[in-house]
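For reference, the structure is listed below as structure tokens.
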Amino acid sequence: MIERAQFLNPDEEVKARLHLVFAKFRELQSARRVMRYLDRNGLSLPVRPLLGPSPHEIVWRAPDSARVLSILQNPAYAGAYVYGRRQKDPSRCRPGSLTGTVKVAIADWAVCLHAAHPGYISWEEFMANQGRLADNVFRYEAGHSGVPRKGAALLQGIAICGRCGRRMSMRYTGPTADYPVYCCRSDRDQQGSALCQEVRALAVDALVERVVLEALVPDQIAIALAAAGQLEQESHQLERQWALRVERARYEAERARRQYDAVEPENRLVARSLERAWEERLRVVEAVEQQHARWRAQEPLLIGPAERAGLQALGENLPRIWNAATTSAADRKRILRFVIREVVLDQKRIRGQVWLKIVWQTGATSEHHVQRRVHTYRDYINIDRLRQRIVELNAEHKMDAEIAAILNQEGFVAARGCAFKGENVWVLRTRWGIPTVKINGMDKNPMRWPDGSFSIQGAAAELGATPQTIFDYLARGLLAGRQLAKGQPWQIELSDEQISQLRKRVRRTKRSKKEAS
């Protein structure tokens, strides 16, 4: 009855405020966001109290979610007359109380007459609003996507399991819980079985983000101009709301003045009370005008050529807007949902890959693949190609660290999603039985190489020392040698004079160690 009475006799400000509520819900898609928008801009909501003597005057109260929901869920604003929106539930009734009423589904209303009177919105928009409100409730098992939240997962609420078709929920892993994972846990929750599948979100989100930005490239300027028009329209709407609020405050003050002027002079008590009421109304006018002035200083009413050009420049570089520090994760998700309806994920269809199908709002679909992180190389996507490449690079006398660097440059990724290192290549060579290719093939190092230079073993035998002593002489610069690559055999140049000098040095070293012992 509150909404019905208010609807039949609204003033201009009530009409404008209700129009604003419906317009912002179309834009923000959330009753809570509409409430926050009204509160941020200092806009109250009209309420007609049920208690007290009639007729009930409209009062203006701070916005809250319950009041915004009551407006969005009231069919009277859609021009409909209905009966039976609530009914008694015997299981919830308590003796001696009036509680126990429950909401009835729209299809079960006893009476529902469309177009019974002019409405603020159409019946189709009213039904769409109810669907949006129901979908905003986070119930994955019911297929509700929910409102975009502040978490890092881009596909929160619109990720669909490609194996069972259910909506996937979210969880966060890692030491600081900052690694999102899409989970299909319906089988586990309902039947106690294992998880259907889990898909790590970061690689999938990066691919979807790149696809969306590429898809919006032809429309970037149009998006920027539309954003400019929307900002300008919003400024005009807010200015209209403030103008009506100031007009209402001035009307109340003028009304109090007329009441004071109409009282007889001999009614002093009445005159004093009316004078106080008049003064209070004047103070309200002053406060509202000051609030309006502060709002205008913070919110420019018109978008000038400079601002419009700036928006257009940003539109020409949409990725900069997407990645800007001021763009929150919830903002990115709202942008994404304007163009994408849902994304189907399946990481068990193809080995080492996540298969995904993007369902666009237009009804079109596109399929993509992304390499996923695996725990073992048995699930690696291109294990045969990786093995062949390691064999080829090893045959070119490349050492493990060099092979790892080349694999990283060519786009290969290690099993756990990290870059290749020399240790990874060594493990794979050992597992696959690929020996390091030396300058003498697979044979042991000879005492002397074909060019006359000595190997480590040959130099040690020639000088009567151990191989470790030869390595020590190379490090100290007493011997000169070279390697074709790090890890390849040493080729050491020794002259007759060097051999004679170093033999004496080795003998002295051995004698001094023997005497010391």
Gap between atom [atom2] of [Y] and atom [atom1] of [X] - 0.5 Å precision:
| X | Y | atom1 | atom2 | result |
| --- | --- | --- | --- | --- |
| L207 | D205 | CG | CG | 9.5 Å |
| E342 | I160 | CD | CD1 | 4.5 Å |
| M168 | C184 | CE | SG | 5.5 Å |
| H114 | S122 | NE2 | OG | 11.0 Å |
| S273 | Q259 | OG | CD | 9.5 Å |
| K348 | R163 | NZ | CZ | 5.0 Å |

So, does [X] use its side chain to make a donor-acceptor pair with the main chain of [Y] at under 3.5 Å?
| X | Y | value |
| --- | --- | --- |
| N408 | A404 | yes |
| N129 | F126 | no |
| Q361 | R337 | yes |
| Y77 | L18 | no |
| Q197 | L345 | yes |
| N136 | Q29 | yes |
| T173 | Y179 | yes |

Item to complete: Determine the sole option in R283, R250, R245 for which the salt bridge (charged side-chain N to carboxylate O under 4.0 Å, His left out) test with E289 is passed.
Response: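 The residue from R283, R250, R245 that satisfies salt bridge (charged side-chain N to carboxylate O under 4.0 Å, His left out) with E289 turns out to be R250.
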Return the minimal non-hydrogen interatomic distance between [X] and [Y], and the atom names on each side.
| X | Y | answer |
| --- | --- | --- |
| P46 | I58 | CB-CG2, 3.8 Å |
| V285 | A253 | CG2-CB, 3.8 Å |
| Q73 | P75 | O-CD, 3.3 Å |
| Q353 | H369 | OE1-CD2, 3.4 Å |
| S70 | R67 | OG-O, 2.6 Å |
| R332 | T327 | NH2-O, 3.1 Å |

Quick one: does [X]'s side chain get under 4.5 Å of [Y]'s, heavy atoms only?
| X | Y | value |
| --- | --- | --- |
| L154 | L336 | yes |
| L133 | F25 | yes |
| H368 | V211 | yes |
| E12 | R240 | yes |
| L202 | P180 | yes |
| I106 | M127 | yes |
| W360 | T365 | no |
| S65 | V68 | no |

Worksheet item: Is it the case that Q241 and R17 place a side-chain donor and acceptor less than 3.5 Å from each other?
Response: yes
Worksheet item: So F22 and L72, side chain to side chain contact (heavy atoms under 4.5 Å, CB included) or not? Walk me through it.
Response: CA-CA 7 Å; F22 291 114; L72 295 173; 3.9 Å; yes
Worksheet item: Does E125 pair with R26 as a salt bridge, N-O distance under 4.0 Å?
Response: yes
Worksheet item: Does the pair Q347 and W355 meet the rule for a side-chain hydrogen bond (donor to acceptor under 3.5 Å, both in side chains), with working shown?
Response: CA-CA 6 Å; Q347 74 168 9; W355 173 86; over 6 Å; no
Worksheet item: After noting the C-alpha distance and the side-chain angles of Y37 and L238, does the key distance pass the side chain to side chain contact (heavy atoms under 4.5 Å, CB included) rule?
Response: CA-CA 11 Å; Y37 172 84; L238 290 174; 3.0 Å; yes
Worksheet item: So V343 and V359, side chain to side chain contact (heavy atoms under 4.5 Å, CB included) or not? Walk me through it.
Response: CA-CA 6 Å; V343 178; V359 182; over 6 Å; no
Discussion item. Does Y172, at its OH atom, have more than 12 non-hydrogen atoms belonging to other residues, nucleotides or ligands within less than 6.0 Å?
Written reply: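 Above 12, so yes.
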Worksheet item: Can you tell me if CZ on R171 sees more than 12 non-hydrogen neighbours from other groups inside 6.0 Å?
Response: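 Yes.
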Fill in: side-chain contact (heavy atoms from CB on, under 4.5 Å) partner of V370, chosen from V204, V208, V199
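Only match with V370 under side-chain contact (heavy atoms from CB on, under 4.5 Å): V204.
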Item to complete: Dump the intermediate steps for side chain to side chain contact (heavy atoms under 4.5 Å, CB included) on L38 and V34, then the final yes or no.
Response: CA-CA 6 Å; L38 296 173; V34 173; 4.2 Å; yes
Worksheet item: Given D39 and R36, is the salt bridge (charged side-chain N to carboxylate O under 4.0 Å, His left out) satisfied, shown in steps?
Response: CA-CA 5 Å; D39 182 67; R36 290 175 177 172; over 6 Å; no
Practice prompt. Go through the steps for Q156 and K333 under the test side-chain hydrogen bond (donor to acceptor under 3.5 Å, both in side chains), then give the verdict.
Written response: CA-CA 8 Å; Q156 166 254 321; K333 295 175 190 178; 3.3 Å; yes
Discussion item. Pair E13, R248 - check salt bridge (charged side-chain N to carboxylate O under 4.0 Å, His left out), show working.
Written reply: CA-CA 8 Å; E13 188 177 6; R248 170 165 55 89; 2.3 Å; yes
Item to complete: Walk me through it: do R257 and E254 pass the test salt bridge (charged side-chain N to carboxylate O under 4.0 Å, His left out)?
Response: CA-CA 5 Å; R257 184 192 67 78; E254 179 62 21; 2.4 Å; yes
Worksheet item: Does the pair N74 and Y120 meet the rule for a side-chain hydrogen bond (donor to acceptor under 3.5 Å, both in side chains), with working shown?
Response: CA-CA 11 Å; N74 194 336; Y120 289 85; over 6 Å; no
Item to complete: Verify whether the ring centers belonging to H117 and Y81 lie closer than 6.0 Å.
Response: no
Worksheet item: How are the rings of W109 and W123 set to each other: parallel, tilted or perpendicular (split at 30° and 60°)?
Response: perpendicular
